[in-house]
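Source: prediction; values computed, not measured. Sequence lines set the chain letters: A, B, ... in the order given, protein chains first and strands last, and positions in each chain run from 1.
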Amino acid sequence: MVQQDLAEGRVTEVVTRFPPEPNGYLHIGHAKSIYLNFGIARQFGGRCNLRMDDTNPAKEDVEYVDAIMADVKWLIAGWADHCLALKPVGRTPEERDIEGRRDFYLAPVMPGQGRDGAWEPFYASDYFEPLYEYALELIRKGKAYVCDHTPEEVDRMRGAPHHPGQESAYRNRSVAENLDLFERMRAGEFPDGARTLRAKIDMSSPNVWLRDPVLYRIRHAPHHHTGDRWCIYPMYDFAHGLSDYIEGVTHSLCTLEFEVHRPLYEWILEALDLPRAHPRQREFARLNMTHTVMSKRKLLRLVQEGHVQGWDDPRMPTIAGMRRRGYPAEAIRDFCERIRVGKRENMVQVQLLEHCVREDLNRRAPRAFAVLRPLRVVIENYPEGQVEDIEAVNNPEDAAMGTRLVPFSRVIYIEQDDFREVPPPKYYRLSPGKEVRLRYAYLITCTEVVKDPETGEVTEVRAHYDPATRGGDTPDGRKVKATLHWVSAAHAVDAEVRLYDTLFQVEDPEDVPEGEDFTSSLNPRSLEILRGCKLEPSLAMAAPGDRYQFERLGYFYVDPDDSRPGAPVFNRTVTLKDSWARIQKKQGQG
RNA sequence: UGCCGAGUGGUGUAACGGUAACACAGCAGACUUUGGAUCUGUUGUUCCAGGUUCGAAUCCUGGCUCGGCAGCCA
């Protein structure tokens, strides 16, 4: 469609916009919209305005404005920064004259245009004055009127989809009376809900949004951006299309539920006889993903009821949550690219997102050794007090990332999962009498199991090493199936590691039995905090925001808030694919 | 029920009226000093019924199913 508009000469430049309401944090569904809107701007050499759609003072807050700005910038960084259009702080639309017709326009500021001053996103609330003028104009044209019915009356009189509504008793007030009343609404003469400004369209339209929709309502409430300057606020339908117009937006892309609003969007623009080209609204399907919820209302509940620790909890599908979990922006964009956009209801599997994350991280994350649930292994024939520096590859996918030295000694930790006293079928790892490779180090054979006499729990494993296998090679060509990661006990750094799983244990949390809601399918094991994890010493100084692959375990991200030098905290971004887990699962079923 | 929209493998998407394809997931195998990665192979798809046509996922008619809409929310 964009291509067609360009070809037909309807537009000469492409301007899109991303218009969140600052009443919550952005989630992965918004990421899809950002990717779409910025992607189109990028593809056609245009721009994308970041605009706060803030016409409802009751729900909105500056905290959200700041978070939204940060999330958008983070997500498009290095990709579409040059398309992000902002405006100077405090600037409002300029009034001008186009061939004798009055017009309002607000020009953007693009990166590179000396953008080092104070810039801010666009705000629908910056257009309250022009919007008010437009409303006056509608009244003068006899296309809007002040209505005194109560909300309940309006509701009742709207009718039902299959039968027409009833006209307001105030529908045919004179222009002068309407003008007077509307001005007094603005002046604050009436209490909340006493009157509204309504468009005069068609009470019998099959589209209920055309049955004289409310354009303005009275709300004596301070607004996060305009303070107490206003006590009447425009409704979405009135504000949105005109905001698009004021900003010179050419393509206004929104989700499917606004499809029925499109006739109203167009009606408003046409009724005003505007001098410039009209923006065009088109719709696409919002994103749904398995094992999570996507509505801001539900996400807010998760935050308020303490099911998560905040909007940026790594289990949340928010952009901030994913960032804190360690998802790279590139991977999220790749995901948005792969799901494409359509008009079909959809439920994308989280596995696809995780795949994108793994693919990205596999290429760039340096490898390291970390033992999450340590089991002591004493190598009895290794000289006491001896320490060897073992060379380890930083990233087998990228030789340029080089190697590092990891200390090896007589007492090491391995993963509890990597030892079984009684190995199940197909279990290749360590068990009594079995030989395994310690990655980059030596082959060891388990000689003895030490147990707690009380509980019977395995507390230590004793082993012998083969000095001829240094580096992990077998001079005699013998094969060992398993290679384990390890950490030298004397050199280990203690760390906290947070393991995350899906927030909900079912694919569709909305699909619950009668009388229950989505919180009943919350996953009780979505967060597991491990303390006393043993890391290789090079990780002691891991910096916030660093990403690693802990070999054989997954990708981990240094928590930006809680990690300290010498006492690192890692968040598990995503596990590695685990075919042993799959075998176990199958065995469990079979 | 009125209006609007959408129906293609398990999931998400492609396909000027001309061999139904791609990715993820699955399965099987190869390789492997990560049971990772990689590579190879493979299972499985056009909502239904008519019609137009040499030929239909695509066009037409009818039906079915799913979603959205009756906030002074966005």
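In this structure B:G71 sits in the syn conformation; its chi angle is within 90° of 0.
Separation of the C1' atoms belonging to B:G67 and B:C31 is 47 Å when rounded to the nearest angstrom. The gap from the P atom of B:C27 to that of B:G18 amounts to 37 Å, rounded to the nearest Å. Taking the P atom of each, B:G51 and B:A56 are spaced 12 Å apart, rounded to whole Å. The gap from the C1' atom of B:U58 to that of B:U8 amounts to 11 Å, rounded to the nearest Å. Rounded to a whole angstrom, the distance from the C1' atom of B:G26 to that of B:U43 is 8 Å. Between the C1' atoms of B:G68 and B:U11, the separation comes to 22 Å (whole Å). Separation of the P atoms belonging to B:G10 and B:U45 is 8 Å when rounded to the nearest angstrom. Rounded to whole Å, the C1' atom of B:A20 lies 25 Å from the corresponding atom of B:G5.
Side-chain proximity of A:Lys586 to B:U34, B:U13, B:C27: nearest is B:C27.
Partner assigned to B:U32 is none, using Watson-Crick or G-U wobble distances below 3.5 angstrom. Checking B:G41 for Watson-Crick or G-U wobble geometry (two distances, each under 3.5 Å) identifies B:C27 as its partner.
Counting to the nearest Å, the C1' atom of B:C4 and the CD atom of A:Gln281 are 13 Å from each other. In this structure, CG of A:Asp202 is placed 13 Å from C1' of B:G2, rounded to the nearest angstrom. Look at CE on A:Met347: it is 11 Å from C1' on B:U11, rounded to the nearest Å. If you measure from atom OH of A:Tyr548 to atom C1' of B:U34, you get 18 Å, rounded to the nearest angstrom. If you measure from atom CZ of A:Arg363 to atom C1' of B:U38, you get 14 Å, rounded to the nearest angstrom. A:Phe335 has its CZ atom 11 Å from the P atom of B:U13, to the nearest Å. Across the protein-nucleic acid pair, A:Leu287 atom CG and B:U11 atom C1' stand 12 Å apart, rounded to whole Å. Between A:Arg338 atom CZ and B:C24 atom P the separation is 6 Å, expressed in whole Å.
In summary, the aromatic rings of A:Phe550 and A:Phe570 are positioned with their centroids under 6.0 Å apart. Ring pair A:Tyr170/A:Tyr145: centre-to-centre distance not below 6.0 Å.
Between the A:Thr502 side chain and the A:Phe504 main chain, a donor and an acceptor come within less than 3.5 Å of each other.
Residue A:Arg437 is classed as a base contact, given a heavy-atom separation below 4.0 Å to a base. In this structure, A:Glu259 reaches the sugar-phosphate backbone alone: every heavy-atom distance under 4.0 Å involves primed, P, OP1 or OP2 atoms, never a base.
When each of A:Tyr440 and A:Val348 is assigned the nucleotide of RNA chain B with its nearest heavy atom, A:Val348 is the one assigned upstream, toward the 5' end.
Judged by a 6.0 Å distance limit and a 45° cone about the ring axis, A:Arg439 is not positioned over the six-membered ring of A:Trp486. Seen from the ring of A:Phe182, A:Arg173 does not count as a face-on cation partner, given the 6.0 Å and 45° thresholds.
A tilted orientation is assigned to the rings of A:His30 and A:His27, their planes being inclined by 30° to 60°.
Once rounded to the nearest 0.5 Å, the distance linking CG of A:Asp476 with NZ of A:Lys479 reads 10.5 Å.
Counted by atom type alone, A:Tyr35 and A:Glu337 present one or more donor-acceptor pairs between their side chains at under 3.5 Å. Side-chain polar atoms of A:Glu354 and A:Tyr327 form no donor-acceptor pair below 3.5 angstrom. Under 3.5 Å, the side chains of A:Glu388 and A:Tyr442 contain a donor-acceptor pair of N or O atoms.
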Find every protein N or O atom lying less than 3.5 Å from an N or O atom of nucleotides 35-37 of chain B, and list the pairs.
{"residue": "B:G35", "atom": "OP1", "partner": "A:Arg552", "partner atom": "NH1", "Å": "2.8"}
{"residue": "B:G35", "atom": "O3'", "partner": "A:Ser579", "partner atom": "OG", "Å": "2.8"}
{"residue": "B:G35", "atom": "O2'", "partner": "A:Ser579", "partner atom": "N", "Å": "3.3"}
{"residue": "B:G35", "atom": "O2'", "partner": "A:Ser579", "partner atom": "OG", "Å": "3.0"}
{"residue": "B:G35", "atom": "N7", "partner": "A:Arg429", "partner atom": "NH1", "Å": "2.6"}
{"residue": "B:G35", "atom": "O6", "partner": "A:Tyr428", "partner atom": "N", "Å": "2.8"}
{"residue": "B:G35", "atom": "N1", "partner": "A:Lys426", "partner atom": "O", "Å": "2.8"}
{"residue": "B:G35", "atom": "N2", "partner": "A:Tyr428", "partner atom": "OH", "Å": "3.2"}
{"residue": "B:G36", "atom": "OP1", "partner": "A:Ser579", "partner atom": "OG", "Å": "3.1"}
{"residue": "B:G36", "atom": "N2", "partner": "A:Glu397", "partner atom": "OE2", "Å": "2.9"}
{"residue": "B:A37", "atom": "O2'", "partner": "A:Asn362", "partner atom": "ND2", "Å": "3.2"}
{"residue": "B:A37", "atom": "O2'", "partner": "A:Glu397", "partner atom": "OE1", "Å": "3.2"}
{"residue": "B:A37", "atom": "O2'", "partner": "A:Glu397", "partner atom": "OE2", "Å": "3.1"}

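Residues A:Leu539 and A:Ala368 come closest through the heavy atom pair CD2-CB, 3.7 Å.
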Per-nucleotide protein contact string for nucleotides 68-74 of chain B, where B marks a base within reach and S marks sugar-phosphate only (heavy atoms under 4.0 Å, - for neither): BSBSBBB
